Amino acid sequence: MAFFQMEGVSKRYGGVSALQNASLSVEMGRIHAILGENGAGKSTLIKVMSGVVTPDEGRMIMEGREVQFASPAAANRAGIACIFQELSLLPDLSVADNISISNPPKHFGLIDRKAQRRIAEEALARAGGPDIHPLTLVKDLPLSRRQIVEIAKALARKPRILILDEATSALAAADVEKVYTVLKRLRSERLALLYISHRMQEIAELADDCTVFRNGRNIATYRAGTKSDNEVVELMIGREYSHVFPPKPDVGRQETPILLEASGLSWTSRIKDISFRVRAGEVVGLGGLDGQGQRELLLALFGVLRGLSGEIRIEGKPVSVASPHRAKASDLGMALIPEDRKTEGLMLPMSVRDNLSFAALGRLSHFGVIDRDVENTAVADMIRLLAIRADGTDIPVGSLSGGNQQKVLIAKWLMITPRIILLNDPTRGIDVGTKQEFYKLLRQLADAGRAIIFYSTDYAELIGCCDRVLVLYGGAIKRELVGKEITERALVSSALNIGRQAEEAGEKSVAAR
Amino acid sequence: MSIFAKSLIRHIDPAVAIAFGCIAALLLFGSFYSTSFISPAFLLQQLKVASFLGIIATGAMIVILLGQIDLSIPWLVAVGGMMSTAIVGWRSPMGEVLAIPFGVLCGVAFGLVNGFAVAYLRIPSMIITLAVNAVAQGLMVVHTGGFSPQDASSFAMRFLATGNSLLGIPNALLVWAAVGGGATFLLSRTVFGRAVYGIGNSERAVYLSGVRSQRIVMLAFALSGGLSAFGGVLLAGYASKAAQGMGDAYLLPAIAAVVLGGTSILGGRGTYLGTIAGVILITLLQSILSVMQIEEAGRQIIYGVVIILMLLLYGRERRVQ
Amino acid sequence: MRDWRYHVGENRDTLLAFAVFLIMFGIYTGNHPAGFTANVVTTAANKGVILALVAMAQTAVVLTAGIDLSVGMIFLLANCLASWIVVGSPGMTALGLLGVLLVGLLCGAINGLVVIFGRLQPIVTTIATGAVYFGLALFLRPVPGGDVNSELADSLTGQLPGGIPASLVVLFLIILTIWLPFRRSEIGRAVYAVGSSEAAAYMSGVPVRKAKFVAYCLSGLFAAMGGLFLTFFTYSGEASAANGGAYTLYSIAAVVLGGISLFGGKGSVIGAVFGALMFRTIGDLLFVFDLEPLWQPLFQGVVLLLAVSLGSLRLFQIRNRLDLFG
Amino acid sequence: AGPKVVSGPNSDPNCFAPWTENVKLFQFQRKAGPYRIALANGFIANTWRIQMIKTAKAYASQPDVAAKLKEFKVVSTGEDVAAQIAAVNNFIDSGYDAIVVNAQNPTAFRPVIKRANDAGVVLVAFDNTLDTEDAINVNVDQKGLGRYWADWLVKNLPNGGKILEVRGVSGTSVDRDRHDGIQEVFKASGKPWETVEVLGKWDDPTAQKVTADAIAVHKHFDGMTAQGGDTGVVQAMIDAKHPFVAFGGETENGFRKFCAKYSADGLKCASGGTGPAQVAVAIKTAIAALEGNVVPQSIKLPLARVEDPNLKDGQDYYSEQSDNFFVGNAFPTCGINFTAQEIMGQSEANQ
Ligand SMILES: Nc1ncnc2c1ncn2[C@@H]1O[C@H](COP(=O)(O)OP(=O)(O)OP(=O)(O)O)[C@@H](O)[C@H]1O
Ligand SMILES: Nc1ncnc2c1ncn2[C@@H]1O[C@H](COP(=O)(O)OP(=O)(O)OP(=O)(O)O)[C@@H](O)[C@H]1O
Ligand SMILES: [Mg+2]
Ligand SMILES: [Mg+2]
């Protein structure tokens, strides 16, 4: 008998079936991975498990007894802790407050701050963030640190089942390693772990069991390692799958004109004297550990930062980009796909159409009046181009699955036919199938003469997609990798600023083995 | 059923439909008290009076759609009325011509201050509009005390506010129809309108979409100020003169009307049709209560309870999740 | 140990409100014909405490990211009720006090229940309930009048030995016995959590409804205390819609001046107290500066405008324009 | 200390007319001038109050008055009665000799009155007076005003009828007193009267709207009376094409303009009230009290009144002037002879 079981669970949202007769069984002391395309119902499944969503039908059995959770608090009491895809931290509260938000230690009926702080320190240490001060406000932490706090918070509840819904999607490789260690230790402490991720290598590294979801159903469950990656992906997307990354064109397009050129860009202490050029048709990656100034660099190019020094030239002409409005103007033609689609990219309650056409309204209108026919055509084109799965264009974009939301965000910017595309970790939370389409699209855009700057926290992407990678460290470019030089090893070592010698030394020692 | 009717049904917010249902219910209820409540004369009179609130609520709605609020309505209404009448006597007939635009422009000017502070100085609208309201009041007191202003409204103002046009339709109602039509067009068909809804949902996203969100916010407040002042201009026409306290009775009803009409106070969601329903509801409710012979205490209690009941009927937020 | 930096950071806005208040009050008493005397301070304290209590009421709701436009009316209702029942023997008076506080609590509870279970937006809910509470106040006091136990009133609005205003001491005790324990209780933290992000709070298993309910109840309670103080100060009850409306708006101003975020989750009732005192001092400045009478409202408006604009000085520090959008 | 209650004689019975025969006569400790006098006003933002403050300043700067004053300070504290009480307290603490108040709430000043008397400060209330026998009140006979209006209607409608009564701000004693006066007279007349009450809040647009509603519902009234916002009430009648009827109302210039214009069409008006100049009487009383003169505790102001067909342009109303000011700004028995025109006409330009 499994430790925890779900049977025949269904959940509908209006006309959409998020889950249909799904089942799952979870064992103690094992890491159970859940895989599936965007919108397959993974998040809904774990929301049911953790009391956030009440299922329309189906039952849950824990240690042989049937259970029902009316609220997340109830699930918590039963020993289920969940790290949601959308962070559930309270930005204005301190890290310590967040960690023991639901059952703080008490002292005469009041919260015992000393004990709470101790708990927080312990939990942070276990979650791999011993350097986070428990009194910091969560809103003052960068995203990747918040993710650690989120894990610490779940751990502080002493759960028996711990669920991580894309908990690592915002983390850079170094942090991910720490999380692996934590999870493996928890497994050895006989916790049951559910792990959702779109990164195949994470699953290969961690999972004991895997369940694949498609269209709200569990399609297959298997022991990790018994299927090849291709087989798994085919299960997920229900069709054949090959070649994740499209082939890169041969090097030697030095002929193409330089579209974007930055020289001596500096901003506060976050960007230090950055210079580079991007040619039309080139995909230039930004590498390095998270938080080394990559995001700021993109924002700087897009006119968001005040007090930027240095020069930006477009097609050789010096330009001053004072605002995103200026950046998207047709003589500059820049587009930025921001990092956080929920607050920076999309207006979730607004319709798919309104979101898609938002950036391009200027050219879909005459004297400020929107031409609705032109708009509808343009929207339909984009939906087709990116194969966005949506039940009409009138529904709120927030009701799409994460991946489809991301597609809408990309499509929104393609609509202005940009010449320079800045991408800030655009594949976060996108499933493999969509990712593949995205990589193809990226290459198509490049082939059509666009210049692309692509920041990603996923090294595999940088390796697979980019013609060149600029590795940032401490706000400066530490190294430029071109073509075949872009390898995982090179990326990692330059990200850690170990330097070329160390890398070469490493290579030798590998060869020696 | 015709395709048109079907598409109409699909597009009408149920909240708005129920709001109109409430209007019918209110009239039915009133007609038990006196059949005059459903006489054309009474209804036209109500619509005429509702027009003033309607115009003011239009501005309030645009600001609410941004997720902001305009508490400077009372004294901007007064500014509109007092400034327009003050200019009437100036170098006649110039003053007569300039009266309405001047009154509205003064409101726009104050609105710009609100908007600038909210958009560029990032001061919460709830407090800056309160402060601007206080400043407007101060200026009007100085104005009244210092300049012995003219306060009789011009012929045009009286004509717009109290005259009747073809078929006995009050001009004020036509003015509201024009303003409402303009607002509907602005909100649903223009880049500005889209941006307003967008900002109400996420200003960050709007800014990063390369839309000058701050300018939009400032313009929206200017519009609201102008509409408040225009409401004041019409009120001055209606009463044939301006007075300091003329806007006091409009702040809370305007907000209540907008929200009763299904617009989310958090911004980003709502239709003008709903605001129309809300304005008529509030006006009718006030009128019916005013004419019924009960103690003021009782009226206030009924007024509050009825608004809550109507909101419970359809104004409920969707559940979290 | 860098902890103190976090504690200062947490209370920075409260400290700032305190500092600005001190400066303004210094200017006021410095120019007052009578100077910094016990009487002058007591007068300022009495009227300050009334607004401070209403501002505290507003704060409780604002912390949950709501707004309560009925605080002024609950305040009036408490005032009118107190002018009937806070009279007579010490026992009767005590019962009366209890009654007024209970009614305030009840009004707050009604607001809370309608907002929570009706799932209505607080701003309109409280506009409507405010009308109801005003109706009740008017029912109790169709014209101004009534009485209050004058010994109690005198002692609470008078001075303690050493010239310390009794009202300030009472306010201090209220904060000490109600606010501080609340702030440190689980439910108090839940109020901040709800204001910070309701969805995240729900996901984290915070009792969202209970927290909101308690916040509204607390608001009603504080507003009723304000009403009691008004009664002690005026020995009578009056259902003046204008006064109720004015206090509601002043309370919002005080809350903002006190560094409490209208978006919820941030700030403290103590900040609201200084905000209220600061707001009152703006009014008092009229007294010490010789202004043309008809220019006084303008002066007050401009000072308020400047005071609320002070916060935007921080914009000069912003280097990343995204930070503008909070 | 407080004033001594004396048996008389009243120092100026013409101006300081006692409210009733039983009113106490006060004599304060005589103080040497010149005096420091303060006006603690509450609400400011309407024409009446603005006119009042300008009258106060004008009176205080008349040479004979100015000679007696070292300082005349005005503070307006807004709607909030607590702020007004605090202002009075501050004036007491700052050593002012007399304080004139237009109280936001008639019952709220008990502690302050006590403090003022203890400190030997003369406290004079006017317009919204104080419910007390320990401070001087300069009273308008609000109830008498209601009676005056109702008497006019009774006279014009000998057989009774349906009356629209437009009331003021609920919750105030002024509104109640005027209403009571009206109803008392109707009851006493023994005729069948039906009154429809609406709330005009002493404000023209509000009064106009509620009147229009009432006319739309009730179709016809035989007479009307309004406590304020009367210009709006007449305007509503005109808009609804309601026949002009007998009307008892306040003293707004606009109202009187209408009365004069439509008198022949049936708008038979009685217009009565007391203008903002009563503040001058209050200041005069304060000075008299400080000089040690005997003054009544409760002073009755004469009503400025005029009835159809006696309205004269340039005297009872000003056809060229704004609607908004209150005519009847003179108290000849007190030697106070401002016209409203003089007060409101002082623009920056012609000062
Ligand atoms: N609150 C909601 N309202 C309406 N539809 C919803 C809601 N939440 C989810 N859905 C729909 O249910 C389906 C399953 O969504 P779910 O979030 O579980 O997908 P997922 O597998 O987690 O996808 P992703 O990998 O993109 O996170 C999707 O089609 C989505 O559009
Ligand atoms: N049809 C078009 N093709 C190419 N570029 C265009 C087209 N229409 C507008 N643009 C350019 O796109 C840029 C973005 O303008 P857009 O009209 O979207 O901005 P906006 O927010 O509407 O601002 P504005 O208030 O100036 O209209 C402008 O610089 C404009 O020159
Ligand atoms: Mg998901
Ligand atoms: Mg354009």
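Everything numeric in this text was worked out from a predicted model, so none of it was measured. Every chain is numbered from 1, with letters handed out A, B, ... down the list of sequences.
- With a 4.5 angstrom heavy-atom cutoff, Ser287(B) touches chain D via backbone and side-chain atoms both.
- Each of Thr206(D), Ile215(D), Asp239(D), Val210(D) has some count of heavy-atom pairs under 4.5 Å with chain B, and the biggest count is that of Asp239(D).
- Val198(D) and Ser290(B) get closest at one heavy-atom pair: CG1-O, 3.6 Å.
- Using a 4.5 Å cut-off between non-hydrogen atoms, the part of residues 160-180 of chain D that approaches chain B consists of Ser170(D).
- Of the listed residues (Thr231(D), Asp203(D), Leu199(D)), the one with the most heavy-atom contacts under 4.5 Å to chain B is Leu199(D).
- Across every non-hydrogen atom of Lys219(D) and Ser36(B), the tightest pair is NZ-OG, 3.4 Å.
- For chain D, the nearby part of Gln46(B) is the side chain; its heavy atoms alone come within less than 4.5 Å.
- Under a 3.5 Å cut-off, the side chain of Gln244(B) and the backbone N or O of Thr47(D) do form a donor-acceptor pair.
- Interface residue Val49(B): only side-chain heavy atoms are found under 4.5 Å from chain D.
- Shown here for Ser240(B) and Asp323(D), the closest heavy-atom pair between the two residues is O-OD2, 4.4 Å.
- With a 4.5 angstrom heavy-atom cutoff, Ala152(B) does not touch chain D via any of its atoms.
- Summarising the local packing, CD of Gln62(D) is surrounded by more than 12 heavy atoms from other residues, nucleotides or ligands at distances under 6.0 Å.
- Around OH of Tyr33(B), the count of heavy atoms belonging to other residues, nucleotides or ligands within 6.0 Å exceeds 12.
- Residues Tyr238(B) and Gln235(D) come closest through the heavy atom pair O-CG, 3.6 Å.
- For the pair Ser34(B) and Val217(D), the tightest heavy-atom approach, listed with the atom from each and the gap, is OG-CG1, 3.7 Å.
- Two residues are said to be in side-chain contact when any heavy atoms from C-beta on lie closer than 4.5 Å; Gln286(B) and Asp213(D) fail this criterion.
- For the atom pair OG1 of Thr144(B) and CD1 of Ile50(D), the computed distance is 4.0 Å after rounding to the nearest 0.5 Å.
- How far CE of Met246(B) is from CG of Asp204(D): 10.0 Å, rounded to the nearest 0.5 Å.
- When heavy atoms are compared at a cutoff of 4.5 Å, Phe42(B) approaches chain D by way of both its backbone and its side chain.
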Query raised in the report: Can His218(D) and Val291(B) be said to form a side chain to side chain contact (heavy atoms under 4.5 Å, CB included), step by step?
Result: CA-CA 9 Å; His218(D) 291 271; Val291(B) 176; 3.6 Å; yes
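- A side-chain donor-acceptor contact under 3.5 Å links Lys54(D) to the backbone of Gly145(B).
- Across all their heavy atoms, Glu197(D) and Arg299(B) have their closest contact at O-NH2, 3.7 Å.
- Legend: residues meeting salt bridge (Lys or Arg N to Asp or Glu O under 4.0 Å) with Lys201(D), ordered by chain and number and at least two apart, are absent.
- With a threshold of 4.5 angstrom between heavy atoms, Ala242(B) approaches chain D through N, CA, C or O but not through any side-chain atom.
- By the 6.0 Å contact criterion, CD on Glu320(D) is open, its count of non-hydrogen atoms from other residues, nucleotides or ligands being 12 or less.
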